[in-house]
Every structure is written in structure tokens, then in C-alpha cells.
**Q** 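Attaching a single structure in C-alpha cells format; questions to follow.
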2 protein chains.
Amino acid sequence: MAEAVLKAWSAFLGTHARALRRVEARLKAAGMPPLEWYDVLLELERAGGRLRIGDLAERVVVAPYNMTRLLDRLEADGLLGRERLATDRRGAFAVLTAKGGRLRKEMWPVYEAAIRDVFAPLTASEAQTLERGLDRVAARLRAADRDGPEAAAAD
Amino acid sequence: MAEAVLKAWSAFLGTHARALRRVEARLKAAGMPPLEWYDVLLELERAGGRLRIGDLAERVVVAPYNMTRLLDRLEADGLLGRERLATDRRGAFAVLTAKGGRLRKEMWPVYEAAIRDVFAPLTASEAQTLERGLDRVAARLRAADRDGPEAAAAD
DNA sequence: GGTGTTTAATTGCAAGTGCAAATATATGTG
DNA sequence: CACATATATTTGCACTTGCAATTAAACACC
């Protein structure tokens, strides 16, 4: 377990667990809902306020059946609504409400401060390397998910 | 959301979710238990086969009450045992069994292949930067956890 | 030596998650 | 058109997690 990739993986996992734990704690301490809610609200906002449930699930990286239930909770809080679409009535949009937009804005300062605090030990250049490298990894994983998971193991 | 730290954070979260999902899928496809089991077994092995339950929880980054239940499952599978200690009978050791050691060894090749596959897009130098940076972050978080969580928000 | 405080581990219960099946609708083919 | 097949979302059920409370043993100190 001496090699760079393996050590990087181990640091990746360990740091993620600790970092998430702290960020969630900060949000909770500020009386805010979990991080996941923020992600959903943000993705909706980015998409202009409405997004197919499946797309949302893919972007937030949550299994579709869990997205259903996550949306149930947000909807119960009035942060978003659902709209069945007319053209294909199997599908539905999640639609951001004004309240949802407001909550997202309220959460951001707390979230941002937590991120900056947690990642404070990184230099700007490290942060950039991290971003680029991990984005490349994620892009490949996303592609593999699309082309069928088997194709991924291939090359 | 243009700044390096924030983009790095976002890549960090997104990549973690996708990467973990794939690694877990690979383990399951090979008929192996979840990643978490591996971590427990590995930490025990590293510690020479026995570790206080609280220490184990800290190393694996799991809340103590969840460690209790995680150990219940591993114990039910014969992968480890518990030993109440004589000097302080509140505390207990988790003790690796031969079967536990064997399982860990069996899991490793599958796990390693998955890691290498997922992190394949990283150059060695990126991997090293990642490892160093994230380890520094984790070290600070660990320290803050020890010194009481309030101290962390301080500086 | 008894009383109050701290610590390690566990547990009850409510909430969240994974998996496999169900529902409802669309699409393709003979 | 009828029928098998595919897609988007949801649901039932078992398992896992988070939180607050519990148990059990040590310490502290008067």
C-alpha cells in the first residue's frame, strides 16, 4: 500500500468522511437542513428552476428511488413542487418554489464558511490540481455509467 | 462559485459519490461485503489484531454507536470477537479472527483493481498532490475533533 | 465510604437507504 | 390493433443510521 494512487485513495476516503461530518455539523448547528437539500436546490436553480426527476438524481448522484423520497421531504417543506409532464405522462419535473430559492440562499453563507474552513490547509494550486484531477475522474465515471457499467471495467 | 477552493470542494463531493458507488458495485459484483467491512478488518490488522472499540470507530471514521452495530454484524459472521478488558471493565477490544484476516486478504485484489480503475485518469504527480493536500486537511480535522469541535471554528 | 461526575459501550426508536417489485405510460413489431 | 418490451417514477420491506437515553464501571472529592 505504498503507491501514490493507493495512498491518494485512502486519503480521499478518510478526508471525505471527516470533512463531510464537520460540514454537516456546521449546517445543523446553524439550524439548517442537510447538505443534500442544498444540492437539490442548487441543481434546480442552475437548471432554471425545473428539472426532470431522473436528471436531478443523476446530477446530485442519488439513486432514483432515493430521489423520489428526498423530493417528498423537500416538497413537504414547500421547497419545491412536482409537475407531471403532458407530453410523456410517466415523467415529472421537480420545480423550485420561491421558498426553496430563499432557503438555498440562506444556506450558502454557512456552507461556504464551512468549506473554506475545512479546505483551508490547501494551497490554491493544490486546490486547482485537485479540482482538475477529480473532475477528470468523475467525467470518466459519468461516461461509464452512460455506456453501461460493464464497459467501464473494460479498458 | 468560481474560486479554486469552492470548485475543488464541488469536484471532491461529486467524484467521491460516483467513485464510491462504483467501487461498492464492484465489490458486490464479486460477492464481497461492503467497503466498510474491509476498513474495519484492515485497521484491526494494522493494529496487530486487537483495538479498543472507540479507537476503531475513530480510525474508520464511524460514530461509536454505529461501530457497535457494525461490529455486531462482523462478529455474527465470525470475522472478529469482543474481549472485555480486565483493567477497565467498561471498555472492550475488537479482536480479529483468522477468518477475518482471510476475508480481508480476499477482498483486497477486488478492491485494489477497482481503485486503480477509478483513479486511472490521475497522473502520479496529481495523485501525490492529492494525497498530501487531503492528508493535511484530515490531520487538521482530526486535531480539531480532539480539541473539542468549538476550537475548530476559531481560527 | 458515599455521592456526584465522567467515560465506554450499548440500545430504543424514528428516519433514511438499498433492493426488488409494482405502476403507469410509451414504443416497436407483426 | 394487440402484444411484448422498454422507460420514468414510485413503493414494500428489510437493513442501516442518527439521536437521545441507558447501562455499567471508573474517578473525584469531601
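Lettering follows sequence order; numbering is per chain, from 1.
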**Q** Grab the OH-C1' distance between A/Tyr65 and D/dA14 for me, whole Å please.
**A** 13 Å
**Q** Identify the heavy atoms of B/Phe12 and A/Leu134 that sit nearest to each other, and give their distance.
**A** CA-CD1, 3.8 Å
**Q** So, does A/Arg82 get its side chain near the phosphate of D/dT10, meaning an N or O under 4.0 Å from OP1 or OP2?
**A** yes
**Q** Specify the residues of residues 56-64 of chain B, ordered by number, for which at least one heavy atom lies under 4.0 angstrom from an atom of DNA chain D.
**A** none
**Q** Could you write out each protein N or O paired with an N or O of nucleotides 3-5 of chain D at a distance under 3.5 Å?
**A**
none

**Q** Taking NZ, NE, NH1 and NH2 as the nitrogens, is one of them in A/Arg18 or B/Asp145 under 4.0 Å from a carboxylate oxygen of the other?
**A** no
**Q** To the nearest Å, how far apart are A/Leu85 CG and C/dA24 C1'?
**A** 13 Å
**Q** Between the protein and nucleotides 26-28 of chain C, list every N/O to N/O distance that falls short of 3.5 Å.
**A**
unit_1, atom_1, unit_2, atom_2, d
C/dA26, OP1, A/Arg89, N, 3.1

**Q** Any salt bridge linking B/Asp117 with B/Arg22? Criterion: basic side-chain nitrogen under 4.0 Å from a carboxylate oxygen.
**A** no
**Q** State, with a plain yes or no, whether a side-chain heavy atom of A/Asp39 is found less than 4.5 Å away from one of A/Val62.
**A** no
**Q** What is the minimum heavy-atom distance between B/Ala8 and A/Ala127, and which atoms define it?
**A** CB-O, 3.5 Å
**Q** For A/Arg69, report the nucleic acid contact type (base, sugar-phosphate, nothing); a contact means any heavy atom under 4.0 Å.
**A** base
**Q** With side chains defined as the heavy atoms from C-beta onward, is the minimum distance between A/Thr15 and A/Val118 less than 4.5 Å?
**A** no
**Q** Please, which pairs that meet side chain to side chain donor-acceptor pair (under 3.5 Å) have at least one residue in residues 68-80 of chain B, sequence neighbours excluded?
**A** B/Asp72-B/Arg82, B/Glu75-B/Arg82
**Q** With a 6.0 Å cut-off (strictly less than), is the heavy-atom count around CZ of B/Arg52, excluding the residue itself, greater than 12?
**A** yes
**Q** Which atom pair, heavy atoms only, marks the closest approach of A/Phe93 to A/Arg50?
**A** CD1-NH1, 3.3 Å
**Q** Quick one: side chain to side chain contact (heavy atoms under 4.5 Å, CB included) partners of A/Pro64, sequence neighbours excluded?
**A** none
**Q** Between D/dT17 atom P and A/Leu20 atom CG, what is the distance in whole Å?
**A** 15 Å
**Q** Would you say B/Arg136 has more than 12 foreign heavy atoms packed within less than 6.0 Å of its CZ?
**A** yes
**Q** Side-chain N or O of A/Asn66 versus OP1/OP2 of C/dG16: is the shortest distance under 4.0 Å?
**A** no
**Q** On DNA chain C, compare the nucleotides closest to A/Trp37 and B/Phe93; which residue's is nearer the 5' end?
**A** B/Phe93
**Q** Look at the side-chain N and O atoms of A/Arg84 and state whether any lies under 4.0 Å from the OP1 or OP2 oxygen of D/dA8.
**A** no
**Q** Where the side chain of A/Arg73 is concerned, which of C/dT17, C/dG18, C/dT11 is the nearest nucleotide?
**A** C/dT17
**Q** A/Trp108 vs A/Tyr111 aromatic rings, parallel, tilted or perpendicular, using cut-offs 30° and 60°?
**A** perpendicular
**Q** How many whole angstroms separate atom CZ of B/Arg52 from atom C1' of D/dA25?
**A** 12 Å
**Q** So which heavy atom on B/Ala94 is nearest to which on B/Leu56, and how close?
**A** CB-CD2, 3.9 Å
**Q** Rounded to the nearest angstrom, tell me the gap between atom CG in A/Leu51 and atom P in D/dA8.
**A** 14 Å
**Q** For DNA chain C, what is the dot-bracket line, given that a base pair needs Watson-Crick (N1 to N3, plus N6-O4 or O6-N4) or G-U wobble (N1-O2 and O6-N3) geometry with both distances under 3.5 Å, and | means paired with another strand?
**A** ||||||||||||||||||||||||||||||
**Q** Send over the distance from A/Glu36 CD to D/dG18 C1', rounded to a whole Å.
**A** 14 Å
**Q** In whole angstroms, how far is the C1' atom of D/dT16 from the CG atom of B/Leu74?
**A** 14 Å
**Q** Base, sugar-phosphate, or nothing: which does B/Arg21 touch, judged by heavy atoms less than 4.0 Å apart?
**A** nothing
**Q** Just how far is it from atom CE of B/Met32 to atom CD of B/Glu106, taken to the nearest 0.5 Å?
**A** 5.0 Å
**Q** Side-chain contact, heavy-atom cut-off 4.5 Å: B/Lys99 with B/Leu103?
**A** no
**Q** For A/Glu75 and D/dT9, give me the distance from atom CD to atom C1', rounded to whole Å.
**A** 13 Å
